[in-house]
Engineer: 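Structure provided below as structure tokens; questions to follow.
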Amino acid sequence: MVENLFDCMKKDSEGRSGNNLLNDDFLKAYNLLENNKSSFFITGRAGTGKSTLLRYFRDRTKKKIVVLAPTGLAALNVGGQTIHSFFRLPPRVIESHHIKKVEDARLYKELECIVIDEVSMVRADLLDGIDKFMRKNGKDSDKPFGGVQVILFGDLFQLAPVVSSTETSLSERYMSPYFFSADVFDKIKLSIIELEKVYRQTDKDFIAILDSIRTGEFDEKTLEMINSRVNPNFNAETDESFITLTGTNEQANYLNMNKLGSLPGKRFVYNASFEGNFDKNGKNFPVDPELYLKVGSKVILTRNDPSGSYVNGSIGKVTDLDNNFVMVKLDQGGIVGVERTNWDKIEYKLDAETNKIIVETKGRMKQFPIRLAWALTIHKSQGQTFDKIFIDLSRGAFSHGQTYVALSRSRTLNGIVLKSPIQISDIIIDQAVVEFLERKTLNNF
């Protein structure tokens, strides 16, 4: 059962906008989440502040919460734990016999709220697995999710669940692989908060174009407007103000290393260090475990500086470097020193003395929060905002929402240059998502 509660990002009666509105709306949304025990799905277009709202709630709530994500990388990015490790579930289709009653279930009995980020990637069987685990180990075996509030964050028009060709049982059990097809939602009302105020873009025509691409409701005129930005002769390598977005890691790595090799001077190599239970042989790291830089390298910073000198997504150029420091001149002005930082792999524990949920670090990666940024994959550009992007989809889009994510990284239509025209086949929309969102009803809260 789905209920759309309110548009918490619209302008208020005085027409205010900007940071004050952001604070007012987030306070409104925060109070809704904080003062209710209902389960929520927080969604919205790219650039509406879903991640900001998640952090706002996490940092201020008085509830005993855990923040979880479907992948190790997503968990690192949100400072949480993976769903599978927290609920002790195997990395395969979840069956009833996988759900165990744990010996010490105090953590799960004390839990009041489960927050899940990137829920568009969470499959229906995993949501049902969470429900069954919490019924078996939580505070109330008769209630969905053991009586615990569940708050889900994500955009269903972006990242989709991964289903391998061997996992045929999913299509037999569920209408779709998405979280909303889970059986548990036949027993619990999932209220939707749709954030509609876009902070990344301000041009209404461009926002309308992105909306139509996001939902697949575009027409020929929309495609013509987008494809007016095609320039097959454009060379992003000669214009440092552009970032190239590509479909694959192979393309992005080739462009970055080729550009790095063309720079004069010494090449520095920075190797990440690892501690504890951190998978240093994995593929998905928050930054490259082996970072190559030279003076003149175009880079993107991937963490917020605690002192506020730079933020996640800041673009700049390396001006000086040594074995232990990197100086970056930011595009928005100023030169900052960047130090190595930590990404912690955490587990939630219950403190026996205070009865509070605490975080325990199980592993750590330490590296400079820097990526080469002449080129980025569309996937790794998610959550970022750029003034000028060169989109290379000449090989075609191959996944749900990929074209929308690429286009929505830009602040303006004029900030986009396309290597080749966007084809109808490049705009991949899953009809199950459209049908789910069409079923929601609009109610004031």
Engineer: Between Glu237 and Lys298, is a salt bridge (Lys or Arg N to Asp or Glu O under 4.0 Å) present by the stated rule, with each step listed?
Structural biologist: CA-CA 11 Å; Glu237 292 186 15; Lys298 184 171 185 174; over 6 Å; no
Engineer: Check the side chains of Glu240 and Trp374 for a donor-acceptor pair under 3.5 angstrom, ignoring hydrogens and angles.
Structural biologist: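 Indeed, the side chains of Trp374 and Glu240 share at least one donor-acceptor pair under 3.5 Å.
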Engineer: Just checking, any donor-acceptor pair under 3.5 angstrom between side chains of Ser241 and Asp239?
Structural biologist: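 Looking only at side-chain atoms, Asp239 and Ser241 do form a donor-acceptor pair, the distance falling under 3.5 Å.
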Engineer: Can you confirm whether the side chains of Thr248 and Gln251 place a donor and an acceptor under 3.5 Å from each other?
Structural biologist: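 Looking only at side-chain atoms, Gln251 and Thr248 do form a donor-acceptor pair, the distance falling under 3.5 Å.
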Engineer: Does the side chain of Glu112 come under 3.5 Å of the side chain of Gln149 through a donor N or O and an acceptor N or O?
Structural biologist: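 No - no donor-acceptor pair under 3.5 Å links their side chains.
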Engineer: Which heavy atom in Leu126 sits nearest to a heavy atom in Leu89, and how many Å separate them?
Structural biologist: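 Nearest heavy atoms, Leu126 then Leu89: CD1-CD1, 3.7 Å.
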Engineer: What residues form a side chain to side chain contact (heavy atoms under 4.5 Å, CB included) with Thr215, not counting sequence neighbours?
Structural biologist: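 So Thr215 forms a side chain to side chain contact (heavy atoms under 4.5 Å, CB included) with Phe157, Glu217.
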Engineer: For the residue pair Gln201 and Ala46, what are the closest heavy atoms and their distance?
Structural biologist: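 Minimum heavy-atom separation between Gln201 and Ala46: OE1-O, 4.4 Å.
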Engineer: Looking at side-chain heavy atoms only, is the closest gap between Asp183 and Leu127 below 4.5 Å?
Structural biologist: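 Asp183 vs Leu127: side chains apart.
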Engineer: Considering all heavy atoms of both residues, which atom of Arg371 and which atom of Leu376 are nearest to each other, and what is their separation?
Structural biologist: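 Reported closest heavy-atom pair: CD-CD2, 4.3 Å.
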Engineer: Is it the case that the side chain of Ser410 and the backbone of Thr412 share a donor-acceptor pair, with hydrogens and angles ignored and the cut-off at 3.5 Å?
Structural biologist: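 Yes: the side chain of Ser410 pairs with the backbone of Thr412.
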Engineer: Looking at every heavy atom in both Leu407 and Phe206, which two are closest together, and how far apart are they?
Structural biologist: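 The answer is O-CZ, 3.8 Å.
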Engineer: Report yes if the side chains of Phe40 and Leu190 come closer than 4.5 Å at any heavy-atom pair, otherwise no.
Structural biologist: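 No, side chains not in contact.
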Engineer: Please tell me if the side chains of Thr71 and Thr82 come closer than 4.5 Å, counting only heavy atoms from C-beta onward.
Structural biologist: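 Contact flag for Thr71/Thr82 side chains = no.
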Engineer: Please name all residues satisfying ring pair (Phe, Tyr, Trp, His ring centres under 6.0 Å) with Phe234, sequence neighbours left out, ordered by chain then number.
Structural biologist: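 With sequence neighbours excluded, Phe234 shows a ring pair (Phe, Tyr, Trp, His ring centres under 6.0 Å) to Phe242, Phe390, given in chain and number order.
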Engineer: Between Arg45 and Asp211, does at least one N-O distance fall below 4.0 Å, as a salt bridge requires?
Structural biologist: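 So Arg45 pairs with Asp211 through a salt bridge.
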Engineer: Considering residues at least two apart in sequence or located in another chain, which fulfil the ring pair (Phe, Tyr, Trp, His ring centres under 6.0 Å) criterion with Tyr348?
Structural biologist: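 Expected list: none.
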Engineer: Is it possible for you to check whether Arg60 lies under 6.0 Å from the centre of the six-membered ring of Tyr56, through NZ or CZ, and within 45° of that ring's axis?
Structural biologist: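 Yes; both conditions hold, so Arg60 lies above the ring face of Tyr56.
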Engineer: Report the residues that fulfil side chain to side chain contact (heavy atoms under 4.5 Å, CB included) with Glu110, sequence neighbours left out, ordered by chain and then residue number.
Structural biologist: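 Side chain to side chain contact (heavy atoms under 4.5 Å, CB included) list for Glu110, sorted by chain: Lys64, Leu350, Asn355.
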Engineer: Find out whether Arg411 and Phe386 are in side-chain contact, i.e. whether some heavy atom of one side chain is under 4.5 Å from a heavy atom of the other.
Structural biologist: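 No, their side chains stay 4.5 Å or more apart.
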Engineer: So, the side chain of Arg229 versus the backbone of Met225: is there a donor-acceptor pair under 3.5 Å, distance only?
Structural biologist: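 It does not hold such a pair.
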Engineer: So that I know where these two stand, are Tyr108 and Phe133 an aromatic pair - ring centroids less than 6.0 Å apart?
Structural biologist: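 Distance test on ring centres: under 6.0 Å, yes.
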Engineer: Is it the case that atom NZ in Lys139 sees more than 12 heavy atoms from other parts of the structure closer than 6.0 Å?
Structural biologist: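 Yes, the 6.0 Å shell around NZ holds more than 12 heavy atoms from other groups.
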Engineer: Can you sort out the partners of Asn304 under side-chain hydrogen bond (donor to acceptor under 3.5 Å, both in side chains), two or more places apart, ordered by chain and number?
Structural biologist: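 Expected list: none.
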Engineer: Quick test of your reading of the model: are Asp128 and Lys132 salt-bridged, counting only N-O distances below 4.0 Å?
Structural biologist: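 Answer for the salt bridge query: no.
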Engineer: Under the salt bridge (charged side-chain N to carboxylate O under 4.0 Å, His left out) definition, can you give me all pairs with a residue in residues 358-367, not counting sequence neighbours?
Structural biologist: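 Qualifying pairs, neighbours excluded: Asp344-Arg364, Glu360-Lys362.
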Engineer: Under a 3.5 Å threshold, yes or no: a donor from one side chain and an acceptor from the other, between Ser38 and Asn36?
Structural biologist: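 There is no such pair (donor and acceptor under 3.5 Å, judged by atom type) between the side chains of Ser38 and Asn36.
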Engineer: Are Tyr310 and Leu330 close enough that some pair of their side-chain heavy atoms sits under 4.5 Å apart?
Structural biologist: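 In short, these two side chains touch, coming nearer than 4.5 Å.
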Engineer: Taking only residues two or more places apart in sequence, or in another chain, which ones meet Phe57 in a ring pair (Phe, Tyr, Trp, His ring centres under 6.0 Å)?
Structural biologist: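 Here no residue qualifies.
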Engineer: Do side-chain atoms of Arg200 reach the backbone of Ser408 as a donor and acceptor pair under 3.5 angstrom?
Structural biologist: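 Yes, the answer is positive, given that a donor and an acceptor are paired below the 3.5 Å cut-off.
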Engineer: Among residues at least two apart in sequence or on other chains, which ones pass side chain to side chain contact (heavy atoms under 4.5 Å, CB included) with Met175?
Structural biologist: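 By the side chain to side chain contact (heavy atoms under 4.5 Å, CB included) rule, Met175 matches Ser181.
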Engineer: Between Tyr270 and Asp288, is any side-chain donor less than 3.5 angstrom from a side-chain acceptor?
Structural biologist: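 Tyr270 vs Asp288: no donor-acceptor pair found between side chains.
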Engineer: Is the backbone of Ala182 close enough, under 3.5 Å, to the side chain of Arg173 for a donor and an acceptor to pair up by distance?
Structural biologist: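 Between the backbone of Ala182 and the side chain of Arg173 there is no qualifying donor-acceptor contact (under 3.5 Å).
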Engineer: Check the pair Asp203 / Leu413 against side chain to side chain contact (heavy atoms under 4.5 Å, CB included), numbers first and verdict last.
Structural biologist: CA-CA 9 Å; Asp203 182 273; Leu413 181 61; over 6 Å; no
Engineer: Could you go step by step and tell me if Asp140 and Arg135 meet the salt bridge (Lys or Arg N to Asp or Glu O under 4.0 Å) rule?
Structural biologist: CA-CA 6 Å; Asp140 193 334; Arg135 286 175 184 267; over 6 Å; no
Engineer: Mind checking what makes side-chain hydrogen bond (donor to acceptor under 3.5 Å, both in side chains) contact with Ser171, not counting sequence neighbours?
Structural biologist: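 Expected list: none.
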Engineer: Less than 4.5 Å apart, side chain to side chain, heavy atoms only: is that true for Asp426 and Gln402?
Structural biologist: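 SC-SC contact between Asp426 and Gln402 ruled out.
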Engineer: Could you tell me whether a side-chain N or O of Asp117 sits under 3.5 Å from a main-chain N or O of Ala69, the two making a donor and an acceptor?
Structural biologist: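 No, because the side chain of Asp117 does not come within donor-acceptor range (under 3.5 Å) of the backbone of Ala69.
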Engineer: Establish, from distance only, whether the side-chain atoms of Asn312 and Gln384 form a donor-acceptor pair under 3.5 Å.
Structural biologist: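 Short answer, yes.
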Engineer: Using a 6.0 Å cut-off, check whether atom NZ of Lys63 has over 12 heavy atoms from anything other than its own residue.
Structural biologist: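 Atom NZ in Lys63 is packed in, count exceeds 12.
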Engineer: Can you give me the closest heavy-atom contact between Gly80 and Ile346, atom names plus distance?
Structural biologist: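 It is O-CG1, 3.4 Å.
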Engineer: If you draw a 6.0 Å radius around NE2 in His98, do more than 12 non-hydrogen atoms from other residues or ligands fall strictly inside?
Structural biologist: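 Yes, enclosed.
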Engineer: For the CD atom on Gln332, are there more than 12 heavy atoms of other groups (residues, nucleotides or ligands in this structure) within a distance under 6.0 Å?
Structural biologist: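 Above 12, so yes.
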Engineer: My understanding is that only residues two or more places apart in sequence, or in another chain, count here; which of them pass side chain to side chain contact (heavy atoms under 4.5 Å, CB included) with Glu167?
Structural biologist: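 Glu167 satisfies side chain to side chain contact (heavy atoms under 4.5 Å, CB included) with Val93, Arg123, Val163, Ser164 once adjacent residues are dropped.
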Engineer: Applying salt bridge (Lys or Arg N to Asp or Glu O under 4.0 Å), name anything that partners Glu34, two or more places apart in sequence or on another chain.
Structural biologist: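 Salt bridge (Lys or Arg N to Asp or Glu O under 4.0 Å) check on Glu34 returns nothing, list empty.
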Engineer: Backbone N or O of Pro421 within a donor-acceptor pair of the Asn227 side chain at under 3.5 Å?
Structural biologist: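 Not a single qualifying donor-acceptor pair exists.
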Engineer: For Tyr178, which residues count as a ring pair (Phe, Tyr, Trp, His ring centres under 6.0 Å) partner, sequence neighbours excluded?
Structural biologist: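 Tyr178: ring pair (Phe, Tyr, Trp, His ring centres under 6.0 Å) contacts with Phe180.
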Engineer: Is there side-chain contact between Pro286 and Met365, with at least one heavy-atom pair below 4.5 Å?
Structural biologist: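 Pro286 reaches Met365 side chain to side chain.
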Engineer: Distance only, no hydrogens: is a donor on one side chain within 3.5 Å (strictly under) of an acceptor on the other, for Lys380 and Asn249?
Structural biologist: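 Lys380 vs Asn249: donor-acceptor pair found between side chains.
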Engineer: Are Ile300 and Ile370 packed together at the side-chain level, in the sense that at least one heavy-atom pair is separated by less than 4.5 angstrom?
Structural biologist: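 No, side chains not in contact.
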Engineer: On a heavy-atom basis, which atom in Gly216 and which in Ile429 lie closest, and how many Å separate them?
Structural biologist: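 Looking at all heavy atoms of both residues, the shortest contact is CA-CG1, 3.7 Å.
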